Enquirer: 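Following this message is one structure expressed as structure tokens.
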Amino acid sequence: MLRAHILGTGFAVPDGVLSNPDLEKMVDTSDDWILSRTGISFRRIADQKTATSDLAYLAACSALENAGIKPQQLDMIIVATMTPDMPMPATACLLQHRLHASRAAAFDLNAACTGFIYALAVAEHFLLGSDYKYILVVGAEVLSRVVDYTDRNTCVIFGDGAGAVVLGKDEGDHGILATYLAADGEGWDLLKIPAGGSRYPASAETVASRMHYMQMQGSEIFKFAVRIIPQCAERVLDRTGLGIEDVDHLVLHQANLRIIQAAAKKMNIPWENVLVNIDKYGNISAGSIPLILAEAVSENRLKKGDLLLLIGFGAGLTMGAALVRWSR
């Protein structure tokens with residue numbers, strides 16, 4: 001069977017580090033409070049000259065080198081992000097220009113923290129349904145631009161970074177075995193940036209009201225995540241006939257350590273089989289899954305034949321999963 005394969009991975013994070021002690025000086029919080037509720041010790045923060053496309057470019061270059069593919073060979077570039085450089089043009093077009101990938105179609109995709117899973121599924125369908133050979137998928141965010149550093153419930157969570165994969169296709173039992181995408185729009189107001197679009201265009205009032213920053217009902221998001229993660233796992237596994245006991249690595253969106261721990265326990269997945277780096281980087285939305293995947297590759301934690309269960313969840317509300325038989 002012809003399948004989409006991950007040929008290469010890469011990631012990039014900015015040099016700036018925001019620690020819990022740093023946050024103690026900015027907002028009413030403490031290292032113990034943050035650690036006990038999120039599991040985060042550090043998050044990477046971009047300087048004012050660094051935009052999403054800059055981190056996307058670095059991650060993309062690393063992934064292309066890892067795959068042994070030149071930018072000119074790319075047929076498509078998809079950037080999953082909720083923090084584009086600008087409303088238009090797409091950040092993917094800026095990336096295409098910087099890579100000199102002139103043959104590639106390019107567009108952005110916004111499914112918030114599930115963005116990479118959505119983009120992966122879209123890329124898979126393009127590869128298997130056309131004569132495209134290579135697609136670059138990037139999850140990249142500069143969330144520090146939309147974090148309210150007066151709100152201790154959100155500012156301790158988010159960081160900046162990017163991850164990228166190069167996809168190709170080949171015959172065999174390895175590669176992307178199945179994907180699952182879903183959404184629950186009834187929860188659209190649980191995690192949002194109210195202003196900056198056509199509903200509330202930027203104005204002195206929206207700026208003064210801090211409507212251009214993320215607003216989150218954290219307890220509701222927690223309950224949503226813990227409930228739907230096992231459901232996503234079941235749906236994607238059902239499409240292959242495999243079971244949770246076959247999974248070698250659980251790769252969850254790095255939203256909150258307590259969510260990751262609760263989900264792994266609920267699915268009876270041993271903790272040593274769960275990839276975790278939220279302590280170092282925080283929540284990077286669409287960038288978190290490709291980043292931790294690329295980091296695991298760089299640390300030689302994945303071996304050929306391993307079964308990876310990727311699950312994302314986030315604003316929208318959106319959710320999705322991908323089952324990947326590692327082929328490298």
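Note that this is a predicted model, so its numbers are computed, not measured.
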Enquirer: Return all side-chain donor-acceptor pairs below 3.5 angstrom for residues 313-328, not counting sequence neighbours, or 'none' if the list is empty.
Expert:
unit_1 : atom_1 : unit_2 : atom_2 : d
Thr318 : OG1    : Ala111 : O      : 3.0
Thr318 : OG1    : Thr114 : OG1    : 2.7
Thr318 : OG1    : Ala315 : O      : 3.2
Arg325 : NH1    : Gly305 : O      : 3.0
Ser327 : OG     : His5   : ND1    : 3.1
Arg328 : NE     : Leu7   : O      : 3.4
Arg328 : NH1    : Asn66  : OD1    : 3.2
Arg328 : NH2    : Asn66  : OD1    : 2.7

Enquirer: Is there a side-chain contact between Val142 and Leu55 (heavy atoms, below 4.5 Å)?
Expert: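 Yes, their side chains come closer than 4.5 Å.
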Enquirer: Do the non-hydrogen side-chain atoms of Val156 and Ile40 ever get within less than 4.5 Å of each other?
Expert: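 Sidechains of Ile40 and Val156: no contact.
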Enquirer: Drop me the distance from Ile311's CD1 to Ile289's CD1, to the nearest 0.5 angstrom.
Expert: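 One gets 8.5 Å once the value is rounded to the nearest 0.5 Å.
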Enquirer: So which heavy atom on Asn256 is nearest to which on Ile278, and how close?
Expert: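 In terms of heavy atoms, the two residues are closest at N-CD1, 3.3 Å.
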Enquirer: Under 6.0 Å from the six-membered ring centre of Phe222 and within 45° of its axis: does the NZ or CZ of Arg258 meet both?
Expert: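 Yes, a cation-pi geometry holds between Arg258 and Phe222.
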Enquirer: Is the side chain of Thr240 donor-acceptor paired with the backbone N or O of Leu237 at a distance under 3.5 Å, no angle test?
Expert: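 Flag set: sc Thr240 to bb Leu237 pair under 3.5 Å.
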Enquirer: Check for a donor-acceptor pair, side chain of Asp85 on one end and backbone N or O of Ser53 on the other, with a separation under 3.5 Å.
Expert: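 Indeed, once roles are kept as given, a pair shorter than 3.5 Å links the two residues.
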Enquirer: Residues two or more places apart in sequence or in another chain: which of them pass side-chain contact (heavy atoms from CB on, under 4.5 Å) with Glu245?
Expert: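 Not a single residue meets the side-chain contact (heavy atoms from CB on, under 4.5 Å) criterion with Glu245.
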Enquirer: Taking the side chain as everything from C-beta on, heavy atoms only, tell me whether Val247 gets closer than 4.5 Å to Asn273.
Expert: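 Side chain of Val247 against side chain of Asn273, heavy atoms only: no contact under 4.5 Å found.
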Enquirer: To the nearest 0.5 Å, what is the distance between NE2 on His100 and NZ on Lys70?
Expert: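 With rounding to 0.5 Å, NE2 (His100) is 14.0 Å from NZ (Lys70).
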Enquirer: Just do the side chain to side chain contact (heavy atoms under 4.5 Å, CB included) check on Asp238 and Tyr180 with the steps written out, would you?
Expert: CA-CA 10 Å; Asp238 282 348; Tyr180 166 74; over 6 Å; no
Enquirer: Within this structure, what is the CG-CD distance for the pair Leu64 and Gln72, rounded to the nearest 0.5 Å?
Expert: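 Rounded to the nearest 0.5 Å, the CG-CD separation comes to 9.5 Å.
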Enquirer: Would you check if Leu23 and Met26 make a side-chain contact, meaning some heavy-atom pair closer than 4.5 Å?
Expert: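 With C-beta onward as the side chain, the pair touches.
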Enquirer: Same cluster for Ile221 and Val147 if Ile/Leu/Val/Met/Phe/Trp/Tyr side chains link at under 4.5 Å?
Expert: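 Hydrophobic grouping puts Ile221 with Val147.
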Enquirer: Flag the pair Leu190 / Phe224 as yes when at least one side-chain heavy-atom distance between them is below 4.5 Å, and no otherwise.
Expert: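 Not in contact.
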Enquirer: Is there side-chain contact between Asp279 and Leu257, with at least one heavy-atom pair below 4.5 Å?
Expert: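 With C-beta onward as the side chain, the pair stays apart.
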Enquirer: Within the distance-only criterion (no hydrogens, no angle test), does the side chain of Asp75 pair as donor or acceptor with the backbone N or O of Ile135 below 3.5 angstrom?
Expert: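 No: the side chain of Asp75 does not pair with the backbone of Ile135.
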Enquirer: Inspect the contact between Asp54 and Arg98 and indicate whether a charged nitrogen and a carboxylate oxygen are less than 4.0 angstrom apart.
Expert: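 Between Asp54 and Arg98 there is a salt bridge, with a charged N closer than 4.0 Å to a carboxylate O.
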Enquirer: Side chains of Leu177 and Leu307: does their closest heavy-atom pair fall under 4.5 Å?
Expert: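 In short, these two side chains touch, coming nearer than 4.5 Å.
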Enquirer: What distance separates Ile260 CD1 from Lys265 NZ, expressed to the nearest 0.5 Å?
Expert: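 Reported to 0.5 Å precision, the distance equals 16.0 Å.
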Enquirer: Between the main-chain N or O of Thr50 and the side-chain N or O of Asp47, is there a donor-acceptor pair closer than 3.5 Å?
Expert: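 Between the backbone of Thr50 and the side chain of Asp47 there is a qualifying donor-acceptor contact (under 3.5 Å).
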Enquirer: Quick check against the 3.5 Å criterion: does Thr81 have a side-chain atom that pairs as donor or acceptor with the backbone of Ala140?
Expert: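 Yes, because the side chain of Thr81 sits within donor-acceptor range (under 3.5 Å) of the backbone of Ala140.
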Enquirer: For Glu205, is the CD atom crowded, meaning more than 12 foreign heavy atoms sit under 6.0 Å from it?
Expert: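 Not buried by this count: 12 neighbours or fewer within 6.0 Å.
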Enquirer: Would you say Thr206's side chain and Ser203's backbone share a donor-acceptor pair under 3.5 angstrom?
Expert: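 Checking the backbone N and O of Ser203 against the side chain of Thr206, a donor-acceptor pair under 3.5 Å is found.
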Enquirer: Looking at every heavy atom in both Cys155 and Arg152, which two are closest together, and how far apart are they?
Expert: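 Residues Cys155 and Arg152, closest heavy atoms: SG-CA, 3.9 Å.
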Enquirer: Do Leu136 and Leu94 sit in one hydrophobic cluster, given that two such residues count as connected whenever their side-chain heavy atoms are within less than 4.5 Å of each other, even indirectly?
Expert: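 Per the 4.5 Å side-chain linkage, Leu136 and Leu94 are not co-clustered.
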Enquirer: Of Asn20, Asp160, Asn283, which meets side chain to side chain donor-acceptor pair (under 3.5 Å) against Arg43?
Expert: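 Result for side chain to side chain donor-acceptor pair (under 3.5 Å) with Arg43: Asn20.
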Enquirer: Are Tyr200 and Ile193 joined in one hydrophobic group, where the rule is that I, L, V, M, F, W and Y side chains link up if heavy atoms are under 4.5 Å apart?
Expert: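 No; tracing contacts between hydrophobic side chains, which count when under 4.5 Å, never links both residues.
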Enquirer: If only atom types and distance count, is the side chain of Ser130 paired as donor or acceptor with the main-chain N or O of Tyr132 below 3.5 Å?
Expert: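 Looks like yes, one N/O pair under 3.5 Å.
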Enquirer: Under a 4.5 Å side-chain heavy-atom rule over Ile, Leu, Val, Met, Phe, Trp and Tyr, are Leu167 and Val138 clustered together?
Expert: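 No; Val138 is not reachable from Leu167 via cluster members.
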Enquirer: Run through Glu141, His253, Gln254 and flag the one making a side chain to side chain contact (heavy atoms under 4.5 Å, CB included) with Cys113.
Expert: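 Answer to the side chain to side chain contact (heavy atoms under 4.5 Å, CB included) test with Cys113 among Glu141, His253, Gln254: His253.
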Enquirer: Under 3.5 Å, is there a donor-acceptor pair between the side chain of Thr38 and the main chain of Leu35?
Expert: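 Absent.
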Enquirer: Kindly indicate whether the side chain of Met267, heavy atoms from C-beta on, has any atom under 4.5 Å from the side chain of Leu250.
Expert: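 Yes - at least one pair of side-chain heavy atoms lies under 4.5 Å apart.
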Enquirer: I would like to know whether Met82 and Leu143 meet side chain to side chain contact (heavy atoms under 4.5 Å, CB included); could you show each step before the answer?
Expert: CA-CA 8 Å; Met82 56 171 274; Leu143 294 169; 3.9 Å; yes
Enquirer: Evaluate the criterion side chain to side chain contact (heavy atoms under 4.5 Å, CB included) for residue pair Thr179 and Ile117; output intermediate values, then yes/no.
Expert: CA-CA 8 Å; Thr179 58; Ile117 298 294; 5.9 Å; no
Enquirer: For a quick test of reading the model, state the closest non-hydrogen atom pair linking Gln73 to Tyr134 and the distance between them.
Expert: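 Shortest heavy-atom contact: O-CD1, 3.6 Å.
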Enquirer: Show the nearest heavy-atom pair for residues Ala162 and Ala56, with the distance to one decimal.
Expert: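 Taking Ala162 first and Ala56 second, the nearest heavy atoms are CB-N, 4.0 Å.
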Enquirer: Could you measure the distance from the CG atom of Leu275 to the CG atom of Leu291? Nearest 0.5 Å is fine.
Expert: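 Answer rounded to 0.5 Å: 11.5 Å.
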Enquirer: Please give me the minimum heavy-atom distance between Val146 and Thr83, naming the atom from each residue.
Expert: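 So the minimum-distance heavy-atom pair works out to CG2-CG2, 4.0 Å.
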Enquirer: Would Leu18 and Tyr149 count as a side chain to side chain contact (heavy atoms under 4.5 Å, CB included) here? Give the steps.
Expert: CA-CA 12 Å; Leu18 184 64; Tyr149 285 100; 4.0 Å; yes
Enquirer: Backbone N or O of Phe11 within a donor-acceptor pair of the Glu295 side chain at under 3.5 Å?
Expert: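 Between the backbone of Phe11 and the side chain of Glu295 there is no qualifying donor-acceptor contact (under 3.5 Å).
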Enquirer: Are Asp306 and Lys303 within salt-bridge range, i.e. N to O under 4.0 Å?
Expert: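 Judged by the 4.0 Å cut-off on N to carboxylate O distance, Asp306 and Lys303 do form a salt bridge.
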Enquirer: Grouping I, L, V, M, F, W and Y whenever their side-chain heavy atoms are under 4.5 Å apart, do Leu95 and Ile69 come out in a common cluster?
Expert: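 Leu95 and Ile69: one cluster.
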Enquirer: Do other residues, nucleotides or ligands put more than 12 heavy atoms under 6.0 Å from Glu65 CD?
Expert: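 No, because the 6.0 Å sphere around CD of Glu65 holds 12 heavy atoms or fewer from other groups.
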Enquirer: So, for Arg210 and Gln215, which heavy atoms are closest and what is the spacing to 0.1 Å?
Expert: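 For Arg210 and Gln215, the tightest heavy-atom pair comes out as O-NE2, 4.1 Å.
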Enquirer: Nearest 0.5 Å, what's the CZ-CD1 distance between Phe107 and Ile77?
Expert: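 Reported value, rounded in 0.5 Å steps: 10.5 Å.
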